[in-house]
Enquirer: 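Handing you this structure, nothing more for now.
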Amino acid sequence: MKMKIAGIQKDSIVDGPGVRLAIYVQGCSHRCAGCHNPETHDPAGGYEMSVEQITAIIEDSSCIDGVTISGGEPFEQAASAAALAAEIRRRGLDLVLYSGYSFEELLEASVVNAEIGALLQAGSLLVDGPFIIAEQNFSLPYRGSCNQRIIDLTLSMKEGSAVVSEYGPTRT
Ligand code: SF4
């Protein structure tokens, strides 16, 4: 299965807790004003990689605390992102997800889209919501604007409502 990728960053310390392999997907319909990655918006841009190729890079990455799938908008490639997420979890690695959609929007979408549900189930944390330039705050960990939340996905999926986590994966 193929994914449209904007780039892959090894040893990122800004895309979630610890040292992470960050996968930035290509394509995002949110088009937030002030987005730091406008080159990721065009779904025709970037390059294709198979889930197997990305998994091989993950396996070659030693001393990482986990993997992050960011964007772009990962949930607009939910089928391939869910397949990659399954490979990440199969290897016992923690997964952080970013989305311009809110947790509530994604949960509602998961009722009719099983891949969105599978992606939510695989993540430990979700940084949710669009970047809002009027709410920009440089001191926030792992996010750019105050409206964005760090959601504890493990607890939120169990409870069916958003549980905010300020830091850290819940899986060990
Ligand atoms: S959701 Fe993220 S990648 Fe997409 S436009 Fe907004 S800030 Fe940029």
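Counting starts at 1 for both ligands and their atoms, in listed order. Since the model is a prediction, treat every value here as computed from it, not as a measurement. Here, residue 1 is the first one in the sequence, and each next residue gets the next number.
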Enquirer: Which atoms of the protein, restricted to N, O or S, are nearer than 2.8 Å to atom 8 (Fe) of ligand 1?
Expert: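 You should have found Cys35 SG.
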
Enquirer: Can you spot which of Glu105, Glu73, Gln148 makes a side chain to side chain donor-acceptor pair (under 3.5 Å) with Ser99?
Expert: Glu73

Enquirer: Give me the one residue out of Leu95, Asp11, Leu93, Asp94 that meets side chain to side chain contact (heavy atoms under 4.5 Å, CB included) with Arg20.
Expert: Asp94

Enquirer: Measuring to protein heavy atoms, does anything land under 4.0 Å from atom 2 (Fe) of ligand 1?
Expert: no

Enquirer: Determine all donor-acceptor pairs shorter than 3.5 Å in which one atom belongs to a side chain in residues 34-41; sequence neighbours excluded.
Expert:
unit_1: Thr40; atom_1: OG1; unit_2: Asn37; atom_2: O; d: 2.6
unit_1: Thr40; atom_1: OG1; unit_2: Gly72; atom_2: N; d: 3.0

Enquirer: With a 6.0 Å cut-off on the ring centroids, do Tyr101 and His30 count as close?
Expert: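 Between His30 and Tyr101, which both carry aromatic rings, the centre distance is below 6.0 Å.
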
Enquirer: Is there a continuous path of hydrophobic side-chain contacts, each under 4.5 Å between heavy atoms, that joins Leu153 to Val111?
Expert: no

Enquirer: Using the rule that two of Ile, Leu, Val, Met, Phe, Trp, Tyr join whenever any of their side-chain heavy atoms come within less than 4.5 Å, decide whether Leu140 and Val127 are in one cluster.
Expert: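 No: no chain of side-chain contacts under 4.5 Å links Leu140 to Val127.
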
